[in-house]
Amino acid sequence: MKKTLLIAAAIMAMSASSVMAAPINQMTGNETAIGAGSKEQYIEHKVTPKATLGYQHMDRDEFGKDQQDAYLQYDVVGSQVKLIGGYRWKLPGDKDNAFGGVAVSTPRVFGFDAYASYVAGKDFNETQVGINKNILFNVDLNVNYHNTKLDGISHREHGVGAGLTVKF
């Protein structure tokens, strides 16, 4: 019954939310995560015990373009502190930016882990806080708040998002 309620809540949140970015996942060696949210899809793979390569596609109607990221997350302290580096394509004004940042997450307790991340490039910065909840063996529900600010544009894209991640 609880799983059914969580799945129903996730579907309602995805239909009502305005944005979601790739969550910060804790993965083991050679694990792959594929996820989808209300306006975002991503895939990432743990290529070494400390490095994760990823790609995400973001539907950013507010800025008039869909944006894409290729990124690397490097575990600095266990899997709880990560350095992030990457490249974002299709920013407004046909700008592309390299970016860097950091993410922190809590250890998983009772199937929950919380995280916060911040990345910035020359023409944008982005903050995200969220919670992952394991709802099935290899399926996580993610709920987060995401805020993106682009230089030269006074409008910020922000909101609550939800999505599902499958790890294998």
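In summary, K149 and D123 do not engage in a salt bridge, as defined by a charged side-chain N under 4.0 Å from a carboxylate O. Salt bridge annotation for D96-R88: absent, with no cationic side-chain nitrogen under 4.0 angstrom from a carboxylate oxygen. D59 has no carboxylate O lying under 4.0 Å from a charged side-chain N of K39, or vice versa, which leaves the two without a salt bridge.
For D75, the side-chain hydrogen bond (donor to acceptor under 3.5 Å, both in side chains) partners two or more places apart in sequence, or in a different chain, are K46, K82.
By the criterion of side-chain heavy atoms lying less than 4.5 angstrom apart, applied directly or through intervening Ile, Leu, Val, Met, Phe, Trp or Tyr residues, I135 is grouped together with I34 in one hydrophobic cluster. F110 and L141 fall into different hydrophobic clusters, where Ile, Leu, Val, Met, Phe, Trp and Tyr side chains are chained together by heavy-atom contacts under 4.5 Å. In the hydrophobic cluster analysis, where Ile, Leu, Val, Met, Phe, Trp and Tyr join through side-chain heavy atoms closer than 4.5 angstrom, F112 is grouped apart from L136. V81 and I131 fall into different hydrophobic clusters, where Ile, Leu, Val, Met, Phe, Trp and Tyr are joined by side-chain heavy atoms under 4.5 Å apart, directly or via other members. Clustering ILVMFWY residues whenever any of their side-chain heavy atoms sit less than 4.5 angstrom apart, transitively, puts V104 in the very cluster that holds V77.
E126 places none of its side-chain heavy atoms less than 4.5 Å from the side chain of N147. Annotation: side chain of E44 is not in contact with side chain of T32 (no heavy-atom distance under 4.5 Å). Residues T106 and Q80 have side chains not in contact (no heavy-atom distance under 4.5 Å, counting atoms from C-beta outward). Taking the side chain as every heavy atom from C-beta outward, Q73 and V102 never approach each other to under 4.5 Å. Inter-residue side-chain proximity for D66 and M58 is flagged as unmet; no heavy-atom pair is nearer than 4.5 Å. Side-chain contact check for V166 versus N138: some heavy-atom pair is nearer than 4.5 Å.
Taking CG of N125 as the start and CZ of R156 as the end, the distance is 6.5 Å to the nearest 0.5 Å. Here the CG-OH distance, from L83 to Y74, works out to 9.0 Å after rounding to the nearest 0.5 Å.
V47 forms part of a hydrophobic cluster together with L53, L72, judged by ILVMFWY side-chain heavy-atom separations under 4.5 Å.
Ring planes of F99 and F124: perpendicular class, angle over 60° (limits at 30 and 60°).
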Residues S105, Q26; criterion side-chain hydrogen bond (donor to acceptor under 3.5 Å, both in side chains); working and verdict = CA-CA 8 Å; S105 60; Q26 295 184 27; 3.1 Å; yes
Stepwise side-chain contact (heavy atoms from CB on, under 4.5 Å) check, K167 with N25 = CA-CA 10 Å; K167 296 177 186 175; N25 290 304; 4.0 Å; yes
Show your reasoning for whether side-chain contact (heavy atoms from CB on, under 4.5 Å) applies to V129 and Y115.
-> CA-CA 6 Å; V129 294; Y115 65 89; over 6 Å; no
Worked verdict on V160 versus N144 for side-chain contact (heavy atoms from CB on, under 4.5 Å) = CA-CA 6 Å; V160 175; N144 68 62; over 6 Å; no
Steps toward salt bridge (Lys or Arg N to Asp or Glu O under 4.0 Å) verdict (D140, K133) = CA-CA 5 Å; D140 287 355; K133 168 62 173 131; over 6 Å; no
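Side-chain atoms of N132 and N142 include a donor-acceptor pair closer than 3.5 Å. Under the 3.5 Å distance criterion, with hydrogens and angles disregarded, a donor-acceptor pair is assigned to the side chains of Y42 and T165. Remark: the Q68 side chain and the H57 side chain contain no N/O donor-acceptor pair separated by less than 3.5 Å.
In this structure, the side chain of Q128 engages the main chain of A22 through a donor-acceptor pair within 3.5 Å. A donor-acceptor distance shorter than 3.5 angstrom exists from the side chain of E31 to the backbone of T28, with no hydrogens or angles considered.
For NZ of K50, the number of neighbouring non-hydrogen atoms (other residues, nucleotides, ligands) closer than 6.0 Å is greater than 12.
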